[in-house]
Amino acid sequence: MQRPDVPTTAHAGGSMTEGGEPSATLEAEQIQLLLDALPALISYIDDEERYRIVNRAYERWFGEDHASLAGRRVREVIGDSAYAAVKPRIDAVLAGQPQDFESRLVYRKSGRRHVRIQYIPHFGASGEVQGFFTLVADISEQKRAEEARRFLADATALLDPVLDRDTSYRRVAELAVTSVADWCAVHTIEPDGALRARVIAHADPAKAELVSRLAERSRIPPEAETPLHEVLHGGPGRLLSEIPDSVFAGVARDAEHFAALRALGCRSAVIVPIRGEECVLAALTLASAESGRTYTAADLAFAEELAQCIQVALQRMRLYDMARAAEAEARRRFLAEQEARRAAERAAQRMAGLQRITAALADALTCETVAEVAVDQGAASAGAYAGSIVVTAGDEIECLKAVGYEPETVERFRRMAVADDLPLTEPLRTGAPVWLRTRKECAARYPDFAATALTSTTASLCCLPLLVQERPIGALGLSFAEPRPFDHEEQEFLLALSRQCAQALERARLHEERAAIIERERRVALENARLYREAHEADRRKDEFIAMLSHELRNPLAPITTGLELLRMSTGDRGDRDDSQILATLERQVKTIVRLVDDLLDVSRITRGKIELKRERLDVGAVVETAVDSVRPLLAQRRHELVLSVEPGVLVHGDRVRIEQIVVNLLTNAIKYTNPGGRVSLSCAASGGDAWIRVTDTGVGISAELLPRVFEPFMQARRTLDRSQGGLGVGLTLVKRLTELHGGRVEAVSAGPGEGTAISVWLPLAGATADSAAAPSTEIPRSGAGALRVLLVDDNVDAAEGLRRILQLHGHTVAMAHDGPAALEAARASKPELVLLDIGLPGMDGYEVVRRLRAEPELRGSYIAAVSGYGQDQDRRRSREAGFDAHLTKPVATAQLLALVAEAAPRG
């Protein structure tokens with residue numbers, strides 16, 4: 001096999017090549033010098049496990065010149081024990097796997113060491129492993145320090161103050177031989193001056209018998225002169241790096257004893273004193289044998305620290321013993337004093353118990369609470385294990401409370417007759433207590449009860465009458481686990497307890513009667529309050545409905561009135577008037593009024609059962625299409641997106657007009673309750689034997705408390721000045737009632753305010769197909785321009801358009817806006833002298849708009865009039881407070897409008 005290109009020996013000198021470059025030998029020598037300066041073992045080993053490069057550190061470990069190790073096998077150099085431990089690692093690195101590990105090894109000449117070893121494979125040009133580099137560092141001292149710290153912690157944990165001294169010594173010795181010593185002993189001085197081994201432990205279980213024999217013969221005469229004697233007589237700790245035979249001879253009693261000590265193979269030891277407060281208590285010896293460990297000054301310091309831990313533990317033991325002795329003495333005195341005061345303390349305890357029960361009964365306001373206090377606290381104060389309380393109910397007795405008894409026993413005596421021959425019924429018949437001091441006494445007096453119902457736990461019992469004005473109203477029974485004498489003192493206590501319970505029961509009964517009267521009065525008051533609230537709510541909803549009806553009717557009347565004024569003008573003054581547009585506006589608004597009135601009449605007719613359906617086979621898709629065409633102008637006005645998903649061929653057997661009315665109301669409701677620019681979705685499909693119509697919006701949503709009532713007449717969310725959230729509140733009522741007339745059902749779903757609403761209608765399918773279609777058109781009002789600076793703000797386009805035309809015909813320049821933010825922008829741009837401002841605007845109401853206009857320096861002189869469908873006194877008062885100069889109620893007549901313009905003209 002080709003050898004790796006590494007030198008096998010180090011050379012003292014070097015040579016130069018012809019070109020003056022250092023030779024390979026010189027480089028090898030320099031590398032060798034560098035390796036020799038390092039304290040760790042560094043070498044190169046070939047694939048035959050022979051050393052090829054070895055640094056000088058090997059000399060300190062193995063006592064041979066490092067150059068002489070080159071060419072020798074690993075096993076020969078480090079010894080069989082160490083080689084057996086690292087052989088698997090060598091095989092792994094020669095297979096190309098780097099190794100990095102820690103191990104405790106026993107070397108041929110340097111003994112036991114804790115080392116960290118790194119093997120690095122050396123690969124040839126073709127990739128085969130030619131050998132490996134080794135780095136071996138001695139970490140024995142580091143590991144010893146770690147073990148010492150861990151050992152001291154473990155030893156401290158073992159030394160419990162409740163242990164006796166020998167047990168503490170034994171625990172420390174047994175722990176020591178697991179890590180820091182091969183054997184450990186604790187010696188003490190006998191009264192005659194001789195030394196005796198209290199504890200000896202060995203790490204090798206095979207030598208346990210030898211250690212036991214040594215312990216039996218461990219008495220060392222006082223005249224011997226050994227390191228143990230010096231330490232035990234107050235000397236400092238001793239370090240025996242190597243133990244000479246003289247030490248064994250000094251402690252051996254005879255030749256056999258000497259041979260046994262030598263068989264332990266002790267090589268090195270430390271002996272330290274374990275001190276008490278005034279003298280040395282014992283000597284602790286840690287010795288090495290098989291491990292070959294040589295103790296150092298650091299080990300001596302460690303042993304002294306361990307002895308200090310034992311010393312502290314022994315001090316704790318002494319203090320613990322003193323505390324136990326003091327406790328025992330205190331207990332003896334306490335028991336003597338207790339016996340002397342026993343009778344007085346029993347009386348005090350009973351009085352305190354009676355006071356606690358009295359206080360608890362004072363707070364008990366029901367018979368059940370009184371029973372709980374009497375049984376729970378009464379039994380505890382009397383020393384009873386169980387108790388019960390019963391009250392009379394005519395000729396029967398009812399058990400209010402029972403504790404401590406088996407469930408079947410409680411159930412058996414839950415109801416009893418007063419005439420029954422039982423310990424608990426006799427006080428109710430006679431008014432006198434029953435004292436049964438023993439089971440025998442109970443059996444003699446109540447044989448049937450003792451034979452069938454007396455539990456094995458009960459050794460004695462008493463039954464006490466609960467008297468109110470000498471009349472028994474109940475009885476208190478207590479059962480005891482031991483025979484009781486029921487002496488005069490105890491009887492007085494128990495009778496006082498029964499009197500307190502009787503008074504509390506009577507007081508609770510009267511309180512419950514008063515509480516029942518108060519509760520009846522409270523319920524009557526609550527019912528009256530409910531009726532008043534319902535009446536008040538009905539009245540409020542009526543007023544609100546009337547106000548909204550007035551508002552809703554005035555809105556279409558405003559453009560109607562304006563259109564009629566325009567048409568009334570003479571032909572010569574037509575100007576740019578568009579009669580067809582005016583007529584279209586009139587038609588739309590008249591239809592609005594007709595729809596409002598029809599809705600009200602339909603609700604009334606349905607309520608009175610006057611609606612008759614004209615049923616026919618209908619294609620729901622065609623009906624939906626017609627309904628959508630009806631609401632397109634409102635959709636355009638509100639700038640909503642309409643999303644349709646209609647499944648063709650969905651047939652129902654119903655009234656075309658009424659089903660269209662259902663869909664129109666659903667769409668109108670969704671459009672009105674969705675802010676401008678929102679989305680309304682309508683879907684229709686067959687689902688589970690029904691035609692399913694669902695209208696969903698992205699509008700204001702419905703609160704959880706209002707959702708269950710949305711289909712009630714005139715029920716709406718909080719009314720706003722914006723009519724997009726107004727209406728009469730009958731649309732959804734019509735939807736529900738017309739749907740139910742068709743045998744269907746309706747449901748509203750909303751996640752809450754601001755989360756939109758989805759309303760679904762289910763109508764029974766007819767099971768056929770049909771076709772229908774319709775495509776009506778919409779009309780958009782035109783706007784024009786004039787000469788006088790007037791700003792007209794109204795979200796009702798038709799109403800605004802009519803007023804604009806009248807103003808333009810009279811020579812005024814008119815700018816228009818349809819919401820609050822747009823009004824502010826238009827006012828800043830046109831600087832109007834007159835502002836006709838609707839109050840119910842989307843986005844920002846008229847009150848806020850007028851406040852902001854008054855805050856503009858250039859607009860403070862403008863004449864601002866409110867034009868609103870709200871015309872009650874509080875509405876006019878609020879508009880004045882907000883900053884309006886005048887308040888006009890819709891519809892506005894031309895003469896009224898021109899009079900307002902004339903009033904505002906001087907400001908211009």
Side-chain angles (χ1 to χ4, degrees), residues 556 584 587-599 601-603 605-606 611-638 640-674 679-687 690-697 727 730-744 746 758-780:
E587 182 181 5
R588 280 195 301 273
Q589 301 306 326
V590 169
K591 285 181 178 179
T592 298
I593 295 175
V594 171
R595 180 181 59 80
L596 293 173
V597 175
D598 285 346
D599 283 352
L601 292 175
D602 283 344
V603 170
R605 291 190 190 104
I606 294 173
I611 289 288
E612 292 184 5
L613 299 180
K614 299 178 180 178
R615 294 181 181 269
E616 59 179 310
R617 190 180 299 275
L618 299 175
D619 185 341
V620 177
V623 178
V624 166
E625 186 174 353
T626 304
V628 169
D629 288 338
S630 300
V631 299
R632 286 193 187 278
L634 185 57
L635 277 168
Q637 178 185 340
R638 302 288 290 174
H640 290 327
E641 173 191 1
L642 177 63
V643 180
L644 294 175
S645 176
V646 180
E647 179 182 321
V650 178
L651 291 179
V652 298
H653 189 67
D655 188 315
R656 177 184 296 274
V657 174
R658 296 306 181 182
I659 294 177
E660 181 180 341
Q661 191 175 2
I662 290 172
V663 179
V664 168
N665 277 341
L666 289 178
L667 288 171
T668 302
N669 194 71
I671 294 169
K672 288 166 58 179
Y673 279 87
T674 301
R679 184 176 67 254
V680 177
S681 302
L682 188 152
S683 58
C684 175
S687 174
D690 291 323
W692 177 50
I693 304 170
R694 182 183 179 92
V695 175
T696 306
D697 62 63
V730 297
L732 291 181
T733 303
L734 276 175
V735 167
K736 181 175 186 294
R737 295 186 178 180
L738 289 174
T739 300
E740 291 173 347
L741 283 176
H742 282 82
V746 63
I759 300 181
S760 299
V761 170
W762 288 269
L763 298 173
L765 285 173
T769 58
D771 297 319
S772 66
S777 61
T778 60
E779 238 179 78
I780 302 176

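Along the sequence shown, the residues carry numbers beginning at 1.
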Hey, what do you get for [atom1] ([X]) to [atom2] ([Y]), rounding to the nearest 0.5 Å?
X: E641; Y: L635; atom1: CD; atom2: CG; result: 10.5 Å
X: L634; Y: T668; atom1: CG; atom2: OG1; result: 6.0 Å
X: C684; Y: E625; atom1: SG; atom2: CD; result: 12.0 Å
X: L618; Y: H653; atom1: CG; atom2: NE2; result: 8.5 Å
X: L732; Y: I759; atom1: CG; atom2: CD1; result: 4.5 Å
X: I659; Y: H742; atom1: CD1; atom2: NE2; result: 4.0 Å

Which heavy-atom pair separates [X] from [Y] by the least distance, and what is that distance?
X: A691; Y: V652; result: CB-CG1, 3.6 Å
X: D629; Y: P633; result: O-CD, 3.9 Å
X: S630; Y: V664; result: CB-CG2, 4.3 Å
X: R694; Y: S760; result: NH1-OG, 3.0 Å
X: V646; Y: G621; result: CG1-CA, 3.6 Å
X: V650; Y: A686; result: CG2-N, 3.9 Å

Quick one: does [X]'s side chain get under 4.5 Å of [Y]'s, heavy atoms only?
X: L613; Y: R658; answer: yes
X: V624; Y: V628; answer: yes
X: V643; Y: R679; answer: yes

Check: Should L763 and V620 be marked as a side-chain contact (heavy atoms from CB on, under 4.5 Å) after you check the CA-CA gap, both sets of side-chain angles, and the distance that decides it?
Finding: CA-CA 10 Å; L763 298 173; V620 177; 5.6 Å; no
Next item on the list: Determine, step by step, whether V735 and N669 satisfy the side-chain contact (heavy atoms from CB on, under 4.5 Å) criterion, reporting the C-alpha distance in whole Å, the side-chain angles of both residues, the deciding distance to 0.1 Å, and the verdict.
Entry: CA-CA 11 Å; V735 167; N669 194 71; over 6 Å; no
Check: Is K736 salt-bridged to E740, going by a charged N under 4.0 Å from an acidic O?
Finding: yes
Note to self: Any side-chain to backbone donor/acceptor pair from R617 onto A766? Under 3.5 Å, distance only.
What the structure shows: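 Checked: pair present.
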